[in-house]
Amino acid sequence: MDDTAGRPDDRPGDRPDDRSDWRVLVVDDEPDLVEVVCGAVRYEGWQARGVTNGLETVREAARWRPHAVVLDIMLPDLDGLEVLRRIHAEQPEVRVLFLTARDAVEERIAGIAAGGDDYVTKPFSLAEVVVRLRGLLRRAAPPAAPNGPPAHALVLGDLVLDDRAREVTRDGETIELSPTEYALLAHLMRHPRQVLSKAQILDAVWSYDFGGQAHIVELYISYLRKKLDAGRSPMIHTVRGAGYLIKAAP
């Protein structure tokens with residue numbers, strides 16, 4: 001990393017888009033670099049978490065739902081391109097800033113072709129990382145639709161999940177969910193009208209290293225049904241022998 005460019009506050013311009021709820025996941029196999037970049041992100045007033053390998057990045061992205069990821073292409077287990085593919089399979093809206101070797105032109109091309117939004121080359125300045133992140137986060141924040149749910153919300157019929165506010169409503173009525181119920185509903189709503197097996201749900205909601213059994217999925221599906229569907233047309237459906245799906249009520 002290049003220290004000659006100074007601290008992040010050396011950049012020109014003001015801070016028109018600062019939001020304390022921006023979440024940035026920083027990924028590199030060098031812990032010291034992760035710590036420094038996380039510090040620069042937090043200095044901007046944003047939230048930051050650091051990870052040093054690919055598998056944990058995928059898990060943390062599923063749990064924490066970052067708005068942007070600073071992602072090294074060269075990681076010790078999964079490479080950055082595979083990490084990007086796995087994250088975008090669940091969260092296609094996440095913005096990704098790749099870290100690449102200065103002379104690796106093929107890495108930069110591959111990263112953008114795989115769906116990355118931008119890149120910086122090592123050694124880099126913190127100011128450059130912050131400026132590029134700021135541009136990505138601007139694009140990650142569509143304005144709210146007038147007289148309707150926020151543009152970033154998940155909407156399925158009369159069911160709305162606002163991930164930034166951590167709120168769920170159905171037909172305008174707030175539905176209180178536990179953290180696990182919320183994560184389960186969010187996963188179902190990201191795959192509307194798609195049958196998801198118990199194994200797929202376990203991996204996505206309880207993480208890859210969860211040691212429980214499939215009956216936990218049945219239990220939490222029943223919890224969700226009681227809260228979402230009570231007195232209303234059902235949205236969560238069982239496909240016998242295959243799994244569960246969610247769709248708008250008729």
Side-chain angles (χ1 to χ4, degrees), residues 19-25 46-51 55-69 86-94 140 144 148-240 242-249:
R19 290 181 49 151
S20 61
D21 58 346
W22 289 134
R23 297 184 296 276
V24 179
L25 188 60
W46 308 327
Q47 300 174 47
R49 290 187 183 179
V51 183
L55 284 174
E56 184 57 30
T57 299
V58 175
R59 297 181 186 129
E60 189 64 24
R63 288 191 292 258
W64 196 46
R65 313 295 300 176
H67 297 93
V69 180
R86 295 193 185 191
I87 291 176
H88 272 181
E90 297 291 332
Q91 305 170 69
E93 74 283 358
V94 173
H152 59 263
L154 296 174
V155 181
L156 188 60
D158 60 356
L159 181 64
V160 178
L161 184 148
D162 185 340
D163 202 30
R164 292 181 189 168
R166 302 288 291 185
E167 292 179 352
V168 175
T169 60
R170 184 165 182 193
D171 195 22
E173 178 183 341
T174 299
I175 299 173
E176 299 293 338
L177 300 178
S178 71
T180 302
E181 291 166 352
Y182 182 94
L184 174 56
L185 178 61
H187 184 63
L188 292 173
M189 290 184 69
R190 290 186 187 99
H191 302 84
R193 303 186 67 86
Q194 179 180 335
V195 178
L196 300 175
S197 70
K198 292 176 184 176
Q200 288 173 319
I201 294 172
L202 274 174
D203 280 350
V205 178
W206 280 268
S207 81
Y208 298 97
D209 55 357
F210 179 73
Q213 302 297 320
H215 69 80
I216 195 73
V217 177
E218 300 173 9
L219 181 62
Y220 274 87
I221 287 287
S222 70
Y223 293 161
L224 271 186
R225 282 178 166 147
K226 289 177 182 178
K227 294 184 177 183
L228 293 182
D229 294 344
R232 307 179 180 96
S233 298
M235 296 187 69
I236 299 175
H237 302 268
T238 301
V239 180
R240 192 171 300 277
Y244 303 95
L245 67 80
I246 191 169
K247 63 181 179 180

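Since the structure is predicted, the reported quantities are computational estimates derived from the model, not experimental observations.
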Legend entry - Pairwise distance CD(Gln194) to CG(Leu188) - rounded to 0.5 angstrom: 10.0 Å

Legend entry - Glu176 to Lys227 - nearest heavy-atom pair and separation: O-NZ, 3.1 Å

Inset, instruction - Describe, in one word, how the ring planes of Tyr223 and Tyr220 are oriented to each other, choosing from parallel (under 30°), tilted (30 to 60°) and perpendicular (over 60°). - result: perpendicular

Inset, instruction - Taking all non-hydrogen atoms of both residues into account, name the closest pair between Arg23 and Arg65 and its distance. - result: NH2-O, 2.8 Å

Legend entry - Minimum heavy-atom distance between Ala248 and Leu156, given as atom pair plus value: N-CG, 3.8 Å

Legend entry - Pairwise side-chain contact, Val205 with Val217, heavy-atom cut-off 4.5 Å (strictly under): no

Legend entry - Leu185 and Leu154: CA distance, side-chain angles, deciding distance, side-chain contact (heavy atoms from CB on, under 4.5 Å) verdict: CA-CA 10 Å; Leu185 178 61; Leu154 296 174; over 6 Å; no

Inset, instruction - May I ask you to decide if Glu218's main-chain N or O and Lys198's side chain share a donor-acceptor pair within less than 3.5 Å? - result: no

Legend entry - Atom pair CZ (Arg225) and NE2 (His237), whose distance is rounded to the nearest 0.5 Å: 8.0 Å

Inset, instruction - Look at the side chain of Glu90 and the backbone N and O of Ala62, then say whether any donor-acceptor pair between them is shorter than 3.5 Å. - result: no

Inset, instruction - Flag the pair Asp229 / Arg170 as yes when at least one side-chain heavy-atom distance between them is below 4.5 Å, and no otherwise. - result: yes

Inset, instruction - Identify the two heavy atoms, one from Pro66 and one from Ala61, that lie closest to each other, and give their separation to 0.1 Å. - result: CD-O, 3.5 Å

Inset, instruction - Could you pull out the closest heavy-atom pair between Val160 and Ala153, with the gap in Å? - result: CG1-CB, 4.0 Å

Inset, instruction - State, to 0.1 Å, how close Leu161 and Tyr182 come at their nearest heavy-atom pair, and which atoms those are. - result: CD2-OH, 3.3 Å

Inset, instruction - With sequence neighbours left out, write down each residue that passes side chain to side chain contact (heavy atoms under 4.5 Å, CB included) with Glu167, or none if nothing qualifies. - result: Ala165

Legend entry - Non-neighbouring partners of Arg49 that pass side chain to side chain donor-acceptor pair (under 3.5 Å), sequence neighbours left out: Glu60

Legend entry - Distance (rounded to the nearest 0.5 Å) between Asp158 CG and Met235 CE: 6.0 Å

Inset, instruction - Mind checking the CD1-CD1 spacing from Ile216 to Ile221? Nearest 0.5 Å is all I need. - result: 11.5 Å

Inset, instruction - Decide yes or no on side-chain contact (heavy atoms from CB on, under 4.5 Å) for Trp46 and His67, but give the supporting numbers first. - result: CA-CA 11 Å; Trp46 308 327; His67 297 93; over 6 Å; no

Legend entry - CZ on Arg190 to CD1 on Ile246, rounded to 0.5 Å: 12.0 Å

Inset, instruction - Decide yes or no for Leu219 and His215: does some side-chain heavy atom of the first lie under 4.5 Å from some side-chain heavy atom of the second? - result: no

Inset, instruction - Output the distance between atom CG (Leu159) and atom CG (Asp171), rounded to the nearest 0.5 Å. - result: 10.5 Å

Inset, instruction - Determine the sole option in Leu196, Ile201, Val195, Val239 for which the side-chain contact (heavy atoms from CB on, under 4.5 Å) test with Tyr244 is passed. - result: Ile201

